[in-house]
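Note that the structure is predicted; figures quoted are calculated from it, not measured. Every chain is numbered from 1 and lettered A, B, ... according to where its sequence line falls, protein lines coming before strand lines.
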Amino acid sequence: MKRTVPLLIAACCGIVLIITAFVPSLVSWGETATVWFDILAAIAFVLGGGNLIKIHLKKVSDRNAGWAYSMITIVTFLFTLFIGMVKWGVPPAEDQEYFGDTFASVSVDELPESLSFTEPVKLSGIYDRDNLPDSVKRQLSWEQNEEGITSLSFRGWMQEGQKEELLEIHQNLQWQAAVELLAEKSSVPESLQGKIAYYANHQAISVTGVLTEDLQEQLLALGGTPAWIDAVSMLAEKSNQQSTLELRDIPPALQIPEESAESLKLQGNTIALTGPLTPAMSKELLDVFPRVRPMSTDSINKYVAQLENMEGGLTNDPDGSDQKSVLTAMLGMSWNADQLIVLLDEAGKSLPIKKTACELLAEKQSGVHELKTMKPASGPDVVLNEEQQSFLREKVVDPDYNLNNLGVDLKEKGTWIASQESALQKFLGQASTIGARNKLICLSLTNDGGGLSDEQFAFLLAPYRAEHLWNQQVHGLLVMSHEVKYPWSGAYLVSGSPFWFTYEYAFKPLTATMFSLLAFYVASAAFRAFRAKNFEAFLLLGTAFIILLGRTFAGEWLSSLVPDYLAALRVENITSFVMTVVNTAGNRAIMIGISLGIVSTSLKILLGVDRTYLGSGED
Amino acid sequence: MKIEHIIWSLLIVSATLFVLWQTTSDPEQLAGREYVKQVQGQWVPADRIDMQAGIAQVSTPRSIGLWVGAFFTLFIFSFMYRDNPFYKTAESTVVGVSAGYYMVVGFWTTIVPNLLGKLTPGLMQQWAMPGISPEPGSGAWVYIIPLIMGGMLLMRLVPRASWISVWPLAFIIGTTAGLRMVAFLEADFLSQIENSIVPFVVLESGNVNYWKSFENIFSVVSILACLVYFFFSIEHTGTVGKVSKFGIWILMITFGAMFGMTVMGRIALLAIRLEFLFKDWLNLI
Amino acid sequence: MGIAIIEKLAALDRRWIFLMMLLAVAIPILLKMEFPEKPSQLARDVFDEIEQLKPGDKVLMAFDYDPSSEGELGPMATSFILHCANKELKMYFLTLFPVGPQMIEEGISRVILTDFPDLVYGEDYVNLGYKPGYEGVIKVIMTDLRELYTTDARGQNIDQIPMCKGVESIQDMKLIINVSAGYPGCKEWVQYGSTAYPDVKLVAGVTGVQAPYMYPYVPKQLKGLLGAIKGAAEYETLVNEKYVEGKPKPEYREGVRRMGPQLIAHLLMIFLILAGNVLFFLQKRIQRL
């Protein structure tokens, strides 16, 4: 049994994998075996660590020669293992933390009855619960009789992502229409939209920002279990916590946005915040610095002259360092009016709309044979008129004009629709800030060995510094007002953690240097061992010479001495011939030989002829 | 022996003095230091513009790390002279750290998401992977098999029960054999034969490309000659002997090319370590 | 007298040779020696293969290397990312080396975070991280990515990552770009990837040690190949010429920069082989006398 079972295991696994290579429908068997293989490979690392400890502990306990080094190995091993396993100093993963949201746990079963939504449907055919997306398994249920599904039920509010996943799993109109109806029914009521959500995977109800008394009442009015009531009051309590932060260097343009005036109060240098800082609020707070906008030639020249007149000046040598041209070019490299016009016209286009599954189903039932999935565009395209265009062209380069008013002003001069406005705001918000641009300018001006004086640096980098400090403070506020939900969710290798330190300052230099020692040994071997004792050895050395020369500039330099009619004898051409023809031929022959060897070894293992891996069977 | 000691002492003292002098007097204030800035709450390396802007600061832990890394590098290089306690310390450290590192990697990249995450998704979701679904997938129970096999594999550490570890080992070996047999047959045997079937006369817009034709003929002949050399069941005499001799020549040229390329690789590995010492640590270039 | 010198030289302590090697590499680095590069056909093939992709195409960046071969492969990885970011390709990083995730993160921060801050993680690039199953990993993800990769390297569920929606397997990639330091690496990608699925295109950058073994796969199973630091320097030159205005940053010139010490060290190697042989033959002649 000790020997037969492993032989059988090896034979079965191998043969299954070979068969799956020829029978595509069995591919999942091969996948399963390989996934297990992957898991065992990971466990082999544990085995490796265990073995290491075992050997070195023995050395230490026997006080063998060099036991102190074994001690070092054990200590460094345990230390690395510990800090890596407990994720010491690893912050939680930011994208898993739902910043701005407060969670209170309530399971699907504890939701109030009014959050059960049922849609009577008539779905014939076979639907398997196992095929449902994981994200809805807890919430979706159905009733079934012999003809098919008669009703779909959903606990809690359905999210857009869940709806999409449900729509995707069955590509038939009946199902998709039913899902649409159910999603409609189980959507968050309008008065709570964007504020309240239910996450079944996290077993939590969540509020974005502060749970106001009004919202609290609405939630309680949904009725409910004690757990629900507890959760709601927990939400109210947690999302109303106060935090204050002493600010410094507040940007002059800072204004508390109206929507957040309730929860965010600035008094002198102190900011007081109720509840968590939401990503939207943080975005508003951060967006207080001027952004890059097109500059007229005059203003570019003025800016360049200003910098040139400072201590240090600017170099202007067309053949060498030319800071002046670089600066001029970089200042000119912003977006321009034409780009914006194209974008706004694009946004004004009236596009065909995708029909819902319900609409398609209704059409089908009414006897339409060729279903079209798109509805024609609802209205004509909106493009900027002449007046709007010239106004836009004039104003974008006018440094005194506030670009945020552009939408309002364009509306006065012609048609202007909401999609254009949002495209405009998105476009303006994407432009880089002056600070970010100035940093790039500094990098470019100093890249080619050119320098800048302290005065010039200070002038260019003041906005960058201000932005950086402000970003840091706003992020501080975000973190301060946030309650960590999943402290262990961060990545084990995140930069700055102790585990990363071990990697960066021990593992990396040590392993890399270990391997670099080979360069020395290869040199020593070249001097001692490579002797052209016969023709074959001579061929080997001669080829090595050619490769060593041909793969550096030395080969090219030597080749430049070879006349054109002997081009084939140029070192790089010989190198290329050796590598692509001779080396390919030689290696191909070796490859064919090895592959036959591997095939026969594999067969021997699978057929149980080769049993060396079983060991002697005595230990 | 004494002279050697004196020379080495002098060398080490002067190198230490140079390093200290370079660290303290570096006009750019970069030698021996690492600068960081805070972005989104995380400390990231700062560049020279950040230093000019005054938002960078010297990071003490990272600077210490830099020195540790530099000394580890020098410890390993010291082996070139002779084996010594510094080298041994570095060597023991690398063994310990890498074993620990691999174990951590194996745990967080596979054991947690691919094994525990399948068997107990609810627990994993609450603990380490909030993104996954807490619902067990259909057929997740089969993951109990690799779990048991993993346990059996670890039995290798227990001398009395180590025979049981042969079972998962057999699984590993069987799987590898099955995977490799097909892959080598397809990619290294059949495809290589296919790749070798090339036209002996290469026509380019009606004209014979003599060079290309020669290359093709040469390469096919070479491959056949090498294969003849590998064919040990016939005696290498007469024509066969001559052909196999040519095969040996081709193989020798191949080995020469391999040697040249290997040398090339090794030197680049040394270059990056010296760049670390000269640039990152001492800011000499 | 002459005989004594020959004997002495032939028995030269290897530490002198070590010292020569150290100087041959150190001095060019300190003097910042650089030489021009002329791209070879294989490097051009790699470049063209990426060049013909369209913005938004998906590419798999399989970075199978670790710090011990970073000297050769780091510059290739940097240029590959720079090229793909400029081409606006969707980059899916993964690795079969345990320390690979760090290499990927370093590449991302060196190129994307500094010069392409607009690229969004999860939309334009994603780090799927490491799996320990050697060639088995390739075998599985060629048909089903999610079977092994349920999360990315940062622990996020793969289904929540926008750019992973609709990606069933590696066959959905327009190109596989492999940077390989050995086993598992380029050979396995050829065997289980481009050979088993001929529609999948593969280009690779490999170490000097591996390069000769990969030539037989070119061009059918492997569309282009960069070998050792020379290949890195050639490809880097091609990318910089097309996409970088003015003089590239030092981070984008690592390959070319490392060719300086390479040249001097190669000359030293040639000298050492010649010297070894001359001494050998002189010794033989002495023995005969």
Quick check against the 3.5 Å criterion: does [X] have a side-chain atom that pairs as donor or acceptor with the backbone of [Y]?
X       : Y       : value
R258(C) : A268(B) : no
Q221(C) : S191(B) : no
K131(C) : T110(B) : no

Heavy-atom pair count under 4.5 Å with chain C, highest-scoring of A183(B), G117(B), S196(B) =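 The candidate making the most pairs under 4.5 Å is A183(B).
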
Interface residue of largest heavy-atom contact number with chain C, from Y81(B), W108(B), F77(B), under 4.5 Å =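 Most pairs with chain C among the choices: Y81(B).
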
Non-hydrogen atoms of [X] and [Y] that approach each other most closely:
X       : Y       : value
P98(C)  : Y101(B) : O-CE2, 4.2 Å
N114(B) : L148(C) : ND2-O, 3.0 Å
E186(B) : T195(C) : OE2-O, 3.8 Å
Q160(C) : G131(B) : NE2-O, 3.4 Å
L269(B) : S69(C)  : CD2-CA, 3.6 Å
P212(C) : A257(B) : CG-O, 4.5 Å

So, do [X] and [Y] sit near enough that their side-chain heavy atoms are less than 4.5 Å apart?
X       : Y       : value
T109(B) : T151(C) : no
M129(B) : Q156(C) : no
F97(C)  : V105(B) : no

Interchain contact, [X] with chain C, by part (heavy-atom threshold 4.5 Å):
X       : value
E275(B) : both
I285(B) : both
K279(B) : neither

Evaluate side-chain contact (heavy atoms from CB on, under 4.5 Å) for M264(B) paired with H266(C), printing each intermediate quantity in order.
-> CA-CA 8 Å; M264(B) 182 150 206; H266(C) 281 192; 4.0 Å; yes

Below 4.5 Å from any heavy atom of chain B, which atoms of T207(C) appear? Answer side chain, backbone, both or neither.
->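 When you check distances to chain B, no heavy atom of T207(C) falls under 4.5 Å.
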
Heavy-atom distances under 4.5 Å only: say whether R257(C) touches chain B with side chain, backbone, both or neither.
->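 The side chain, not the backbone.
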
Anything in residues 99-112 of chain C with a heavy-atom distance to chain B below 4.5 Å? Please list those residues in order.
->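 If one takes a 4.5 Å heavy-atom cut-off, the residues of residues 99-112 of chain C near chain B are V99(C), Q102(C).
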
Spatial distance of atom OH (Y215(C)) from atom OG1 (T254(B)) [nearest 0.5 Å] |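 Result: 12.5 Å between the selected atoms.
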
Atom pair CD/CG of Q125(B) and N157(C) - distance to nearest 0.5 Å =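 Between atom CD of Q125(B) and atom CG of N157(C) there are 10.0 Å.
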
